[in-house]
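As the structure lists them, so they are numbered: ligands from 1, and atoms in each ligand from 1.
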Amino acid sequence: HLAREQASTVQQYDPAHDTNAAHRLELLGELRRAIGADDQLTLHYQPKIDLAGGRVTGVEALIRWQHPRLGRVAPDAFIPMAESTSLIRPLTAHVLDLAVRQAKAWADQGTPIPVAVNLSTRCLLDAGFADQVFDLLHRVGLPVSLLKLEITESMVMTDPDRALAVLRTLRSAGVSLSIDDFGTGHSSMTYLQRFPVDELKIDKSFVQAMANSHGDAVLVRTAITLGHNLGLSVVAEGVEDDAAVAALRALGCDVAQGYHYARPMPAEEFDRWLIDYSSRSYTARHAAATPV
Ligand code: C2E
Ligand code: MG
Ligand code: MG
Ligand code: MG
């Protein structure tokens, strides 16, 4: 049994390094059970920060899987596996449900925070997907403006016209759309221009490399210019230090997300982080405004 074999040797199971087909099948079965079980899959939230004013512009919801015997399984390991099967549909529905309910709880607390959910290509190929999203928003009572969807370029490419129709329906209803991991995969300026998106997220690999690599710095600068010329808000992922913040601010990047500000964290922890962050930025603003 996969579970018993792995449990004693590893803390974090990585199916990407497990070539045993039977193990992968069994893990898919575990994932299917996890979606039904409701206690293994949770969302962590990571803030996005406005680089000019320091304001929190929203959060990204990132799935976490804690298996009782396998330990943590990283999303990069099981999401692609789920995407290659129909399991990605119930998984996405589950994530959307959790994220929309959390966004509603924040709105009810008086701190409305837009929540971004990552989407898989399969969902965009479902003609009924947009209606599913609208039904959920309606049932929970969340304003459309508080939901954002992040899509990866390479995903959309498989059937651009079908995906485009779904995206247009979502966008025209007021759901904001973001192109994730820009610069990787089958990047195409034509598609970027064609898709009704509001935001461009520069992949963290370029942001992390830009301090030491001229080529990566050029790519980041070019992506910011391109995004702005298309009227998009530009987000840098993987912002880990002060140097990156300063460089991105100098380049006119709009929003930053990364460990420098906060790691993805459970909702309750995010609440505490937000209180702390707000008081720190108040103090900083106050100190800056006070003549010495
Ligand atoms: P992504 O959407 O590009 O998410 C950003 C990833 O970068 C997250 O990894 C996040 O934890 C990580 N990250 C954030 N800041 C930093 C930083 O400063 N440095 C570094 N090194 N990493 C940072 P995570 O949570 O492991 O997720 C990996 C990918 O899995 C996501 O990439 C997304 O494509 C996918 N994913 C996660 N949750 C979901 C989900 O609910 N549904 C779908 N379809 N995909 C998901
Ligand atoms: Mg994302
Ligand atoms: Mg990304
Ligand atoms: Mg990614």
Winner among Leu41, Asn118, Ile88 once heavy atoms are compared against atom 46 (C) of ligand 1:
Asn118
Of Val95, Asp180, Ile79, Leu91, which has the heavy atom at the shortest distance from atom 1 (P) of ligand 1?
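Looking at heavy atoms only, Asp180 sits closest to atom 1 (P) of ligand 1.
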Does [X] pair with [Y] as a salt bridge, N-O distance under 4.0 Å?
X      : Y      : result
Glu199 : Lys148 : yes
Glu150 : Lys48  : yes
Asp135 : Arg139 : no

Check each atom of ligand 1 against the heavy atoms of [X] and keep those under 4.0 Å away; list them by number with element.
X      : result
Glu60  : 1 (P), 2 (O), 4 (O)
Gly238 : 16 (C), 17 (C), 18 (O)
Glu237 : 3 (O)
Ser120 : 44 (N)
Glu240 : 17 (C), 18 (O), 19 (N), 20 (C), 21 (N)
Asp76  : 28 (C), 29 (C), 30 (O)
Gly258 : 15 (N), 18 (O)

Does any N/O atom on [X] come nearer than 3.5 Å to any N/O atom on ligand 1?
X      : result
Lys204 : yes
Leu119 : no
Gln257 : no

If we set the cut-off at 4.0 Å for heavy atoms, which region of Gln46 has an atom near ligand 1: side chain, backbone, both, or neither?
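For Gln46, the contact with ligand 1 is made by the side chain alone.
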Record the part of Asp203 in heavy-atom contact with ligand 1 below 4.0 Å; permitted values are side chain, backbone, both and neither.
neither
Strictly under 6.0 Å, is that where the ring centroids of Trp273 and Tyr45 end up?
no
If you measure from each heavy atom of Arg263 to ligand 1, is any distance below 4.0 Å?
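Heavy atoms of Arg263 never come under 4.0 Å of ligand 1.
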Any heavy atom of Gln208 sitting closer than 4.0 Å to ligand 1?
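Flag set, Gln208 near ligand 1.
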Okay, side chain of [X], backbone of [Y]: is any donor-acceptor separation there less than 3.5 Å?
X      : Y      : answer
Arg162 : Leu125 : yes
Thr169 : Ala165 : yes
Asp254 : Val234 : yes
Ser213 : Met210 : no
Asp181 : Asp203 : no

Atom pair CZ/CG of Arg272 and Leu274 - distance to nearest 0.5 Å:
12.0 Å
Rounded to 10 degrees, what angle sits at the Mg ion (ligand 2) between Asp180 OD2 and Glu60 OE2?
180°
Flag Ser178 as yes if one of its N/O/S atoms falls below 2.8 Å of the Mg ion (ligand 2), otherwise no.
no
Looking only at N, O or S atoms, find the one in Glu150 nearest to the Mg ion (ligand 2) and name it.
OE1
Does the salt bridge (Lys or Arg N to Asp or Glu O under 4.0 Å) test come out yes or no for Asp242 and Arg249, once each step is laid out?
CA-CA 10 Å; Asp242 282 323; Arg249 207 175 263 146; over 6 Å; no
Using the Mg ion (ligand 3) as the apex, give the angle to atoms OD1 (Asp181) and OE2 (Glu237), rounded to 10 degrees.
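Seen from the Mg ion (ligand 3), OD1 and OE2 are separated by roughly 130°.
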Within the 3.5 Å criterion, strictly below it, is a donor on Asn118 or Glu60 matched to an acceptor on the partner's side chain?
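Result is yes, a qualifying pair exists.
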